[in-house]
Amino acid sequence: MSDNILIAVAWPYANGDLHLGHIAGAYLPADIFARFHRMRGNNVLMVSGSDAHGTPITLRAEAEGVSPREIHDRFHKGFLESWEGLGISWDLFTTTETENHYRISQDFFTRFYEKGLLYETASEVPYSPTGKRYLPDRYINGTCPHCGFDGARGDQCDGCGRTLDPRELINPRSTLDGGTPEFRTRSHFMMKFSEYGDSLLEWLKDKNHWRPQVLNFTTGFLEQGLKDRAYTRDLDWGIPVPLDGWEDRRIYVWFEAVIGYLSASVEWASDIKGDPEAWRAWWGADAKPYYFIGKDNITFHTIIWPAMLMAYGDDLALPEDVPANEFLNLEGYQLSTSRNWAVWVPEYLANYDPDALRFVLSANMPETSDSEFTWPDYIRRVNNELVGTYGNLVHRTLTFIQRFFDGTVPDAKPDEAGTRLLAKGDAALEEAAAEIAACRFRAGLGVAMSLAQEGNRYLDEHAPWRAIREDREDAARTLVTILGIISGLKTLLAPYLPFSSQRLHEMLGLEGGIQDAGWTATGPEAGARLPQPQALFAKLDEEQVLAREMANLGAGDESETTA
RNA sequence: GGCAACGUAGCUCAGCGGCAGAGCGGGCGCUUCAUAAGCGCUAGGUCACAGGUUCGAAUCCUGUCGUUGCCA
């Protein structure tokens, strides 16, 4: 009996390239999970898309003097290239700028409105008389009433870190033209989230498999009492409120972005699957939706979106798990786009192997706490663990068969010790499966690396390079055993290292795609001809990599740094 | 300011009531099939700090300091 597993992944703002933080935080764990479940024979639907409507996009558009849509189109295209290069295996990566997404987001609004869950309220909104437009909080600068810092923004003061209301600012001015904003009273819709606090707490009761930090945070948040929130904003970029006389208001970007998980599923069903109803299998009572996000997004995925699903009705499936990751730091500091303190995916892919990055980020994934990426560590892990332990086990075995057995899989049966090792290999497959299914990706990779080490140890103990001289049969038994271990490793590592696992699949003389080969350690048959082996991974030149990357880091930074 | 999490070996991280662990790096040795790769042995720690609970605390509780996220 196979499960229907929806893999819903955070929607990146289309206002800049992807960096390592995005990958380690959400996209890599989601992809490992998706590939694993496909190999196990489950029905996977993995979706996400570009968030087109966030403030960061309009900010960048105004800075460059182009339209928000142009910014969105440029970076959405870049995302697609990054996914391709990194092997992130979407069923659909769409965008919030589709007609389909507008329709479904407006349908949610209409449903909520008709159910009486949206009510009007008046609030004071900053308005620029010179620009003849309403201003988001971030578009207002002024003096902080708490610390006197002059560059405080309408939402937060960078001087003292306090969050602000734009009306508190002393001497407020628009960042667009420096003009003084006035505050106008505007009607907006509030969503009755407060009605769902108890139901959410009830729903959380059997979520003991969630990560403690996610569950504790969510429970604590709800126990303080869930408040109603403004559902609409005064913007001209975004999805219009579908009510007569309200067309100049937009649905708040966060509330339509989470609807994207559903609208992307619907789009996949009609446009890719060719069966408009096919999405229901992943949203019905027995579906298991997993949401892969970073820790800054927990509230929206464990509270707001489940509340919206409850409010919508139709028994749409609530999250099975929200394995939010913590953050990845870089060389001791937080990632920062403005200071160019980041490793950008397109630049990485221009110089290095995608599997090497997937390996290093998986080995050090921020599952339980913030973790650290450094280039020296990247080089060490690639050269010593990926190349030295795993790649070399494969290479020494395959070149040995090529050299001493004419590239033909020997016809021999493992002896007692070999049979024991192969049993360990089978056990490792199940052990890793349990770890991955529970979203413990670091641990799953650890199982694979331990098995590779066992393989190396076995080779050293049985020394086929000595046996080949006096007892060819013994050497053959050893090699067949290790071939079985390598076959298991190729499967075990396929979710983590899809490109090299496919190459290894072919080097073992096996046909087709590894993703269709199942979760088994089945290797080549006796007598099978193996192609000339190639190294799975290249060693890195430490000096060269460090020279290039350390020079890149922070380059182009025009602000003062204290580091 | 409130809530939540984190602080463990030189580095990156596990462990989360019962003799302080792994990988990498360091030291010593073995091996030569292999991308100078592999294997074994070894050194190293007041488990942030101060109290408390317990026969027993890195682990549970309280407080302090530091880091992070969310909220005000």
Side-chain angles (χ1 to χ4, degrees), chain A residues 25 146 155-156 160-165 168 211-227 229 293-304 324-329 331-335 359-405 435 440 442-443 445-447 449-450 452-469 475 478-479 482 533-542:
Chain A
H146 302 287
D155 56 344
Q156 188 176 26
C160 63
R162 266 175 272 233
T163 49
L164 301 171
D165 187 294
E168 295 178 279
R211 292 181 178 172
Q213 67 268 37
V214 177
L215 188 59
N216 288 347
F217 178 78
T218 304
T219 309
F221 197 98
L222 288 169
E223 281 170 352
Q224 287 175 45
L226 195 51
K227 294 189 183 67
R229 294 204 186 194
I293 59 164
K295 66 174 167 182
D296 53 335
N297 285 174
I298 291 174
T299 318
F300 275 95
H301 293 83
T302 62
I303 294 174
I304 299 296
N325 269 356
E326 307 290 299
F327 284 172
L328 184 78
N329 292 326
E331 304 283 353
Y333 297 92
Q334 287 187 55
L335 294 180
F359 177 80
V360 172
L361 293 182
S362 297
N364 201 16
M365 195 171 272
E367 287 173 3
T368 51
S369 59
D370 291 354
S371 72
E372 186 83 28
F373 180 94
T374 71
W375 283 105
D377 183 62
Y378 167 84
I379 295 164
R380 274 198 299 274
R381 282 202 189 268
V382 171
N383 286 351
N384 298 326
E385 297 180 32
L386 192 57
V387 175
T389 303
Y390 170 53
N392 193 240
L393 172 67
V394 171
H395 199 241
R396 66 198 296 210
T397 304
L398 295 184
T399 50
F400 196 94
I401 291 173
Q402 203 63 222
R403 185 164 146 197
F404 294 102
F405 290 93
E435 299 288 10
R440 291 189 294 260
R442 241 182 357 207
L445 185 62
V447 171
M449 294 312 286
S450 297
Q453 223 162 24
E454 289 261 16
N456 277 318
R457 194 173 302 135
Y458 190 87
L459 265 185
D460 273 34
E461 281 166 8
H462 291 77
W465 47 90
R466 272 202 300 271
I468 193 75
R469 290 188 224 123
T478 303
L479 267 300
I482 299 299
Q534 306 289 322
L536 277 183
F537 311 101
K539 280 200 87 164
L540 296 166
D541 182 324
E542 179 166 7

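Quick caveat: nothing in here was measured; it's all calculated off a predicted structure. Proteins get letters first, then strands, A, B, ... in listed order; numbering begins at 1 in each. The basis for the numbers below is simple: all heavy atoms, side chains too, and nothing from hydrogens, waters or symmetry mates.
When heavy atoms are screened at a 4.0 angstrom cut-off, A/E461 is found touching no nucleic acid atom at all. Residue contacts for A/Q224: at a heavy-atom cut-off of 4.0 Å it reaches the sugar-phosphate backbone alone, with no base atom in range. Here A/E385 lies in heavy-atom contact (under 4.0 Å) with sugar-phosphate atoms only. Base contact: A/L536 has a heavy atom under 4.0 Å from a base atom. Within 4.0 Å (heavy atoms only), A/T219 reaches no atom of the nucleic acid at all.
Residue A/R442 has no polar side-chain atom (N or O) positioned under 4.0 Å from OP1 or OP2 of B/U12. The shortest distance between the side-chain N/O atoms of A/K539 and the OP1/OP2 oxygens of B/A37 is below 4.0 Å.
Look at A/F400 and the base of B/C33; the rings do not stack under the cut-offs of 5.5 Å between centres and 30° between planes.
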Test log, rule side chain to side chain contact (heavy atoms under 4.5 Å, CB included), inputs A/F405 and A/I468: CA-CA 10 Å; A/F405 290 93; A/I468 193 75; 3.9 Å; yes
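The glycosidic torsion of B/G44 lies within 90° of 0, which places this base in the syn conformation.
Relative orientation of the A/Y390 and A/F537 rings is tilted, given thresholds of 30° and 60° on the angle between their planes.
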Paired and unpaired positions of RNA chain B as dot-bracket, Watson-Crick or G-U wobble under 3.5 Å, | denoting a partner strand: (((((((..((((....[..)))).(((((.......))))).....(((((..]....)))))))))))).
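Going from the C1' atom of B/C16 to that of B/G56 covers 15 Å, rounded to whole Å. Only the C1' atoms considered, B/A58 is 16 Å distant from B/U53, to the nearest whole Å.
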